[in-house]
2 protein chains.
Amino acid sequence: MSSGRTRIQQKNREVILEAGLEAFSEAGFRGTTLDRIAKGAGLSKPNLLYYFPSKEAIHRELLSRQLDLWLAPLRTLDPDGDPLEELLGYVHRKLALSRDHPRESRLFANEVLQGAPHILDTLQQDLRALVEDAAGVIRGWIAAGRLAPIDPVHLIFSVWSLTQHYADFDVQVRAVLGDADPFPGAERHLDAVFRRLLMPDPEKACAEAAVG
Amino acid sequence: MSSGRTRIQQKNREVILEAGLEAFSEAGFRGTTLDRIAKGAGLSKPNLLYYFPSKEAIHRELLSRQLDLWLAPLRTLDPDGDPLEELLGYVHRKLALSRDHPRESRLFANEVLQGAPHILDTLQQDLRALVEDAAGVIRGWIAAGRLAPIDPVHLIFSVWSLTQHYADFDVQVRAVLGDADPFPGAERHLDAVFRRLLMPDPEKACAEAAVG
DNA sequence: TCCTGATTTGACCAATCGGTTAAAGACACG
DNA sequence: CGTGTCTTTAACCGATTGGTCAAATCAGGA
C-alpha cells in the first residue's frame, strides 16, 4: 500500500523490462513482438499486459529509464577541473558504457536511426539544453587558452559517434578485427586521438608526437 | 530478348528498389512491410512479387547493389599519394556519401545494428580484406614517417563512425543543432580533426595549433 | 478456515503479415 | 485480325500481430 507496488509487481516489471531491452535493442520497436518479450521474460502474453498496458509502454519506460544513465557522463564536466582530464574522462566513461551496456546503446541507436518517433521531444529539449551547457563549459576552456580551439558541439558529436560505434556496430567491428575483444584497442586509440586533438600546448603536442 | 529484361521490368524493378530503400532505411528489415513498399512504388502487392520473389530478395538486392558504392571511397587510397591528402580526401568522400545518400547509410546501419544477419559473410570476408589492404597502406605511410603513428584499423573505424554519424543520427544532430544544415559545420570540424590527428610533422602541427 | 484481492492463463479477436492462385488485361508481332 | 507472351490484379491463404476477456488460481490476513 505504501509503495503502490507489490514485490511480485516490482520483480515482474523488472523481468519484463530486461526481456524488452534484449528484444528492442536487437530488432527495434517495430521488429519486436510481444510474444518474444513474453517468452524472454518467462511469462504469458496476457500476463505481460497485466503489468504494462501496451508494447509501447514497455518501450517508453525503457527509454526514459535509461536516458539519465545514458547522458550522465556528459553532466560531470567540471568547469574548474583540468580540461584535458575532464574530456578524456568523459570519453572513457562513455566508452565504458558502450562496453558494459551495449544493449542500451543499441536501444537508443535503433530509436534515433528510425527517426526517434518516441523521444524527439526529449532530444529537442533536454538533450539540446544539456549539450548547450556542456558546450558552454568547453567554450570557456578554449577562451581561457586551456584547450585547443574546436567546435564544442561537433566535438561532443565526435565523442558520441566514436564511442557508441563500438557498441552499435559491434558485429562489424568484430568481423573486421576478428573476434578478439575490441575494447582494449579502442580505449588506447580513443585516448591517443583525443589527447592529440585537445592538447592545448603546442610544445607538449610536439613532444608527444616526436616520442610516439 | 537480348538483355533478358523488358523496359517495363527494368523500370519497375528500379521503382521497387527505390521504394524499398526508402522503407528499409527507415524501419529496418523486420519493420518494413511489403504493403508499404508496394504503396511507395505505386504497385499492387502481388505485382511486387511478380518482379521480386520475396521481401528478402528486395532487401538483398539493395544491400549488394549499394555495397560497392559504399566501400568505394576506401579503395581509392593511393600508397604513392600524399598521406594526409589521401586520408582527408577519404574523409571528405565518406562525409559526402552521408550527405548525399543518407538512406543508403541508414540501410546498412539498420542491418549491422541488428546483427548483420544478411551480410555477415560479406563483412567477415570482403570488408575485412578491404580494411586489411587499406590498413597496410596506412602502416606503410607511418613506417615511412609520412604520417603520425596511429592504429590503422581503429583509424578507419573512426572515419566510418564520425562521418556516418551525420547520416544515421541525423534526427538527433538536427535536434541539437537546430534545423540548420549540419554538413558545412561537420565538414569543417572533421577536416580540422583529422588534420590535427594525422599531421606527421611536429613543427607544422605546432604552427597550426598556435595559429588556429 | 474463508474471503478478498492479486496474479495467471486459455481461448479468443480483428487486423495485418508475407505470400499464392487463377484469371483477366495489355502488348507485341505475324 | 489472332495469338502467345508479358503484366496486373481481385480474391484468398495460413500464420502472426497487438490486444481482450472471463475464468481460474494464488497469496495473505482475519
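Proteins get letters first, then strands, A, B, ... in listed order; numbering begins at 1 in each.
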Please list residues of residues 35-53 of chain B whose heavy atoms come under 4.0 Å from any atom in DNA chain D, ordered by number; otherwise none.
B:S44, B:P46, B:N47, B:Y50, B:Y51
Determine, for B:E18 against B:R103, whether the closest basic-nitrogen to carboxylate-oxygen distance falls under 4.0 angstrom.
yes
Is there a donor-acceptor contact under 3.5 Å from the side chain of B:K94 to the main chain of B:L162?
no
Atom-to-atom span, NZ of A:K55 to P of D:dT17 - whole angstrom
9 Å
Indicate whether OP1 or OP2 belonging to D:dT7 is found under 4.0 Å from a side-chain N or O atom of B:Q9.
yes
Rounded to whole Å, CG of A:L34 lies from P of D:dT20 at a distance of 10 Å
Residue met sooner reading DNA chain C from 5', once B:E56 and A:I8 are mapped to nucleotides:
A:I8
Distance in angstrom units between A:R30 CZ and C:dC17 C1', rounded
14 Å
d(B:W160 CH2, B:Y90 OH) to nearest 0.5 Å is 6.0 Å
Quick one: are B:L17 and B:I58 in side-chain contact, heavy atoms under 4.5 Å?
yes
Any Lys/Arg nitrogen of A:E86 or A:R146 sitting under 4.0 Å from an Asp/Glu carboxylate oxygen of the other?
no
With a cut-off of less than 4.0 Å, is there a side-chain N or O of B:N12 near OP1 or OP2 of D:dC6?
no
Parallel, tilted or perpendicular: which one describes the rings of A:F157 and B:Y166, with boundaries at 30° and 60°?
perpendicular
Atom pair distance, as rounded to whole Å: CD1 in B:I16 and C1' in D:dT7:
12 Å
